[in-house]
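See below for the structure under consideration.
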Amino acid sequence: QVQLDESGGGLVQAGGSLRLSCAASGRTFSSYVMGWFRQAPGKEREFVGAISRSGGTTVYADSVKGRFTISKDNAKNTVYLQMNSLKPEDTAVYYCAADTKSLTKLNRSTLTYDYWGQGTQVTVSS
């Protein structure tokens, strides 16, 4: 199986940037579609974006499109979430997840992802 470990969260002012990392063990990132999700207090966990196994294709939620970028380094077994122009509404716990079943489709539902990291807190102050 795959163990995922997020890092890079913290406190940042509105307009600032953070880069989250998701390191995997057990399997290489090239084996799975990888997704990023977030959950704010009182809200359901929501899709942020996903990246294909090769890293050649990405999709994003409308709320972060143009501000967030997902990339991956298969040699390092690490997926990144670069977050720019952060807004207070981006405050949430951010999770990375692996979809072990999908070959090409970048799913948006939490139900399609099989492995999850522990989450890392991102707080954006106004």
query: Under 4.5 Å between any side-chain heavy atoms of Glu6 and Ser21, yes or no?
result: no
task: First locate atom OH of Tyr94, then atom CE of Met83, and finally report the distance between them rounded to the nearest 0.5 Å.
output: 5.5 Å
- prompt: Are Arg53 and Tyr32 in a cation-pi contact, defined as NZ or CZ under 6.0 Å from the six-membered ring centre and within 45° of the axis?
  reply: no
message: Looking at every heavy atom in both Ala14 and Ser126, which two are closest together, and how far apart are they?
response: CB-CA, 4.5 Å
- prompt: Heavy atoms, side chains only, cut-off 4.5 Å: are Leu4 and Gln118 in contact?
  reply: no
- line: For Val79 and Trp36, the nearest pair of non-hydrogen atoms, with its separation, is CG1-NE1, 3.4 Å
message: When you compare the side chain of Asp73 with that of Tyr80, does any pair of heavy atoms fall below 4.5 Å?
response: yes
Non-hydrogen side-chain atoms of Val124 and Lys87 separated by less than 4.5 Å: no
message: Show every ring-ring contact (aromatic ring centres under 6.0 Å, His included) that has at least one partner inside residues 44-72, sequence neighbours left out.
response: Phe37-Phe47
- line: To the nearest 0.5 Å, atom CG of Asp99 lies from atom CG of Asn107 at 5.0 Å
query: Is any side-chain heavy atom of Val122 less than 4.5 Å from a side-chain heavy atom of Leu18?
result: yes
Salt bridge (Lys or Arg N to Asp or Glu O under 4.0 Å) contacts touching residues 32-43 (sequence neighbours left out): Arg38-Glu46, Arg38-Asp90
- prompt: Looking only at side chains, do Thr91 and Glu89 share a donor and an acceptor under 3.5 Å apart?
  reply: no
- prompt: So, Asn84 and Gln82: side-chain donor and acceptor under 3.5 Å apart, yes or no?
  reply: yes
- line: d(Trp116 CH2, Thr110 OG1) to nearest 0.5 Å is 5.5 Å
message: Show every salt bridge (Lys or Arg N to Asp or Glu O under 4.0 Å) that has at least one partner inside residues 108-125, sequence neighbours left out.
response: Lys101-Asp114
query: So how far is it from Met34 CE to Ile51 CD1, rounded to the nearest 0.5 Å?
result: 9.5 Å
message: Closer than 3.5 angstrom, by distance alone: can the side chain of Ser63 be matched with the main-chain N or O of Ala61 as a donor-acceptor pair?
response: no
- line: For Leu106 and Val33, the nearest pair of non-hydrogen atoms, with its separation, is CD2-CG1, 3.5 Å
statement: In short, Val2 meets Ala24 closest at the heavy-atom pair CG1-CB, 4.2 Å
task: Measure the spacing between CG of Leu20 and OG1 of Thr120 and express it to the nearest 0.5 Å.
output: 6.0 Å
statement: So SG of Cys22 and NZ of Lys72: to nearest 0.5 Å the spacing works out to 10.0 Å
statement: Between Leu11 and Ser125 the two heavy atoms that sit nearest each other are CD1-CB, 4.3 Å
